[in-house]
Amino acid sequence: MTFAMTADTTYDTAAIDAKWQDAWDRAGLFRAARGDAPKYYVLEMFPYPSGRIHIGHVRNYAMGDVIARYKMARGFNVLHPMGWDAFGMPAENAAMASGGHPKDWTYQNIDVMRGQMKPLGLSIDWSREFATCDPEYYGQQQALFLDMLEAGLVYRKQATVNWDPVDMTVLANEQVENGRGWRSGAEVERRELTQWFFRISDMAEDLLDGLGDLKDWPEKVRLMQENWIGRSRGLQMTFPLSRPAHGHDGIEVYTTRPDTLRGASFVAIAPEHPLARALAEADPDLAQFAVDVRRGGTTEEALEKAEKRGYDTGLTVQNPLGGALPVWVANFVLMDYGTGAIFGCPAHDQRDLDFARKYGLPVIDTFVATDDDSRVAETAFVPPKSEPVRWIDQPAGLDVATGQEAIEATIDWAEAQGIGTGRTQYRLRDWGLSRQRYWGCPIPVVHCPDCGVVPERKENLPVRLPDDVTFDVPGNPLDRHPTWRDTACPSCGAAARRETDTMDTFVDSSWYYARFTAPHADTPTVMADADYWMNVDQYIGGVEHAILHLLYSRFFARAMKVTGHLPDKAREPFNALFTQGMVTHAIYMTRDGRGRAVYHLPEDTVAKPDGLRVLRDGTEVEVIPSAKMSKSKKNVVDPQDIIAAYGADTARWFVLSDSPPERDVEWTAAGADAAHKHLRRVHRLAGDIARADRPANAADADLARATARATLEVTEGIEGFAFNKSVAKLYEFAATLGRSDAGGDARRAAMRVLAQLMAPMTPHLAEEVWQMMGGEGFVVRAPWPEADPALLVEDSVTLPIQINGKRKSEISVPRDMDAAGVEALVLQDAAVLRALNGGAPRKLIVVPGRIVNVVA
RNA sequence: GCGGGCGUGGUGGAACGGUAGACACAUCAGACUUAAAAUCUGAAGGGCCUUGCCCGUGCGGGUUCGAGUCCCGCCGCCCGUACCA
């Protein structure tokens with residue numbers, strides 16, 4: 001295949017970008033199909049169609065594109081798809097704010113964002129694109145839901161939501177600000193609703209064990225998931241009530257610290273505990289207490305930070321070790337965790353200690369430090385469980401033992417005594433998927449007065465969202481849409497009502513990676529395609545998804561195996577995970593007369609030579625560097641502007657340079673300008689090399705060595721996800737090539753390799769240069785260059801000489817000189833002689849090929 | 001509150017426990033130019049008694065021949081915290 005040469009010698013990015021994007025498109029280079037070659041599946045977390053892409057998206061997709069194009073050059077059959085995580089609240093918020101329809105808003109945003117992404121020249125197979133709000137997608141999700149319902153992976157139970165008593169609506173956590181509804185300003189209450197749940201907690205152990213296989217996931221993400229799942233070993237035991245009350249003979253408690261039973265000074269139950277509810281019926285003060293502590297949001301953070309409050313029920317229970325304990329209702333005990341009841345041991349839990357001090361309960365030490373037997377006063381004594389401590393009157397008869405040993409011994413002791421049972425408990429709760437909202441996947445069930453909850457028939461899927469809805473009234477429009485809501489029972493045909501809750505948008509994103517393997521199939525997946533393409537070989541996205549999205553996806557992969565939609569090998573769907581940092585940008589701010597912040601667009605400010613930044617009228621501007629991009633702070637960088645000014649390759653090159661991919665990178669106009677200068681330099685250099693010829697000479701060998709070195713280091717950078725280092729090497733290599741006196745053939749050969757090494761990052765320029773150098777076909781299809789090992793070996797090495805650990809000198813020695821030879825040379829070094837002052841070194845450390853340290 | 005991460009020149013960053021500051025931005029100097037821009041070349045962590053020496057990787061300790069890197073204790077910022085996506 002041949003392409004028209006771009007006539008001009010100037011670096012015309014618009015022409016070059018369009019030319020090659022068109023050529024790739026016509027050649028169908030990125031359309032993925034099953035084949036004989038080994039496959040490689042690259043996936044970036046798909047975007048929410050918020051309106052416009054920002055430079056952070058560019059960074060995310062540029063990274064994925066580097067991997068995709070590199071793997072293509074390595075001969076893999078690459079799948080690199082793109083879609084839209086299109087359901088969610090912002091669309092409804094926009095509808096409420098401006099009266100449009102969430103569907104129109106969403107699809108318009110998708111069109112705009114696709115239009116912004118295509119000019120980046122990403123190697124995406126656009127024929128596989130879908131949005132999760134497409135009925136073709138969410139209909140298959142409903143089919144999946146029905147299969148999971150049948151497999152017993154879905155059920156209904158009561159759960160707590162944020163309730164706005166003025167707007168009469170359920171609020172998302174982000175709609176609760178300081179315990180108040182964002183619109184009404186009313187104090188938020190917690191309310192119980194019957195909701196749908198996935199049985200993810202049944203798979204807690206498997207999800208935990210599976211983490212061990214995820215070798216190519218960041219350690220920190222595995223650790224966060226491990227802590228989130230939270231396996232603990234503890235004791236379940238019953239404290240008998242001194243007098244039975246409301247049909248309760250005792251209170252069942254789960255504790256991870258049974259070893260501290262001797263130190264128990266109270267038992268606390270959740271306000272939602274059945275006994276608390278029963279007591280509240282006859283005790284208005286307790287009922288009021290329960291209402292009071294239910295104020296405020298439902299987030300774990302809000303619950304934890306809330307003031308610890310209790311209500312004395314007047315009941316007592318018997319401690320099996322002797323003595324009676326008062327029973328309190330406490331706001332910090334959660335009904336969802338364990339049994340909804342705890343015993344408090346103030347000496348060894350700060351929260352219990354605060355509670356005990358507040359309500360005058362005893363503090364009983366059960367162990368002290370081995371070297372310090374002072375008793376607990378203001379601060380609970382909570383040493384690590386691995387640290388030995390001295391026990392006081394320990395039930396299992398221990399003296400000095402670690403917490404861990406004491407827990408295990410006490411569980412054994414309690415089981416032998418018949419006091420309780422050892423139990424493994426998980427922090428992970430079942431996944432509540434019900435949302436009282438319109439813009440989500442309808443839950444495909446019908447509520448029939450006679451048959452109860454009835455699944456919709458698969459042939460009736462998708463259960464489509466009705467289009468004729470309005471958002472001028474608070475609450476879920478599906479709930480007040482009679483012709484949609486009212487339907488016939490799929491089982492008996494009687495008048496019935498549809499489920500009006502829709503699914504959590506995390507459901508949509510929990511299986512999209514599988515759908516990409518057969519995006520237009522009339523079943524959720526096609527086994528042959530899933531079997532060929534799964535797993536995702538490299539998944540890339542933000543660390544903010546480290547827990548929920550990634551855990552839910554792992555659960556879904558297992559559930560889809562159970563329901564026959566994925567092969568067993570896909571139970572861990574993402575072989576490798578990379579979490580990239582954000583793109584930040586400085587905020588320019590002044591203050592108005594009342595001291596409030598006023599934000600300014602970067603282009604409205606000017607940098608003065610002295611470094612100060614001012615407005616056009618001279619007002620000094622406060623610069624806040626490295627801030628997360630936000631429309632309201634006016635520091636968002638729009639890739640479209642960058643592409644228009646500099647071309648796609650500059651935008652891609654810049655976001656890959658400077659910062660390591662896992663860290664945040666700060667966008668600076670100067671940085672973008674420098675990136676563009678470099679690419680222009682490479683383009684000009686290619687032109688020079690193509691035009692000028694020089695005879696072969698002695699410099700050819702040096703250039704060949706530099707080429708081999710660059711090939712090695714750029715490749716290592718890409719393989720190790722250190723694109724910034726690859727970029728640095730490419731800067732260096734381009735400078736070396738520019739300065740080289742080598743002959744024409746040698747320079748052309750080096751330039752061809754440079755084009756290949758640049759290709760994953762700046763593909764348009766790379767194709768152009770490749771063509772100028774007379775390369776065959778597309779550079780993206782050219783096999784990745786290999787560094788000749790013979791050219792990587794240096795004859796001599798420079799060894800730094802340290803004296804007492806500080807670098808003072810250096811020597812150059814043959815590469816293979818032995819330690820004795822090096823020592824002899826070192827002892828003649830001027831700096832060493834001066835330091836030793838005629839004496840002998842106390843010690844001489846030679847690390848071959850690396851360093852010498854003289855201890856004087 | 002809890003869990004996780006990060007912290008290196010004026011700036012972004014580099015550095016298998018082994019020469020701290022590669023590469024780049026900004027800065028300064030020089031070349032080219034009538035001039036400017038563009039381009040090219042070079043300098044540069046801070047300090048001093050400048051053949052050389054001292055201090056330097058958020059703060060305070062420790063391990064080591066040697067610590068940005070490992071350990072302990074702090075400080076600051078970022079992410080998550082189950083209905084934001």
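All values derive from a computational prediction rather than experimental measurement. To find a chain, count down the sequence lines: A is the first, B the second, and so on, and within it residues start at 1. For the numbers below, each heavy atom of this structure counts, side chains included, while hydrogens, waters and symmetry mates do not.
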Among [options], find the nucleotide with the atom closest to the side chain of [X].
| X | options | value |
| --- | --- | --- |
| Ala728(A) | G18(B), G13(B), C23(B) | C23(B) |
| Ile547(A) | U19(B), A82(B), G80(B) | G80(B) |
| Ala674(A) | A82(B), A85(B), C25(B) | C25(B) |
| Ala172(A) | G18(B), G3(B), C83(B) | C83(B) |

Touch class at under 4.0 angstrom, heavy-atom based, for Glu732(A) against every strand present |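 Sugar-phosphate, backbone atoms only, no base.
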
Would you classify Gln175(A) as touching base, sugar-phosphate or nothing, given that sugar-phosphate means primed atoms plus P, OP1 and OP2, and contacts are heavy atoms under 4.0 Å?
->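 It contacts nothing in the nucleic acid.
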
For G21(B), is chi within 90° of 0 (syn) or not (anti)?
->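 Anti for G21(B); the angle lies over 90° from 0.
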
For RNA chain B, what are the stems built from at least three Watson-Crick or G-U pairs in a row, each pair having both distances below 3.5 Å?
-> B:1-7 with B:75-81, B:10-12 with B:23-25, B:27-31 with B:39-43, B:45-48 with B:52-55, B:58-62 with B:70-74

Tell me which of Tyr552(A) and Val543(A) sits closer to the 5' end of RNA chain B, going by the nucleotide each one is nearest to.
->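 Whichever sits nearer the 5' end wins; that is Val543(A).
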
Quick one: CZ on Phe723(A) to CG on Asp658(A), what's the gap to the nearest 0.5 Å?
-> 15.0 Å

State whether Phe355(A) and Lys308(A) meet the cation-pi test: NZ (Lys) or CZ (Arg) under 6.0 Å from the six-membered ring centroid, and within 45° of the perpendicular axis.
->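 No, a cation-pi geometry is absent between Lys308(A) and Phe355(A).
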
Collect all protein-nucleotide pairs involving nucleotides 38-40 of chain B in which both atoms are nitrogen or oxygen and the distance is under 3.5 Å.
unit_1	atom_1	unit_2	atom_2	d
U39(B)	OP1	Arg680(A)	NH2	3.4

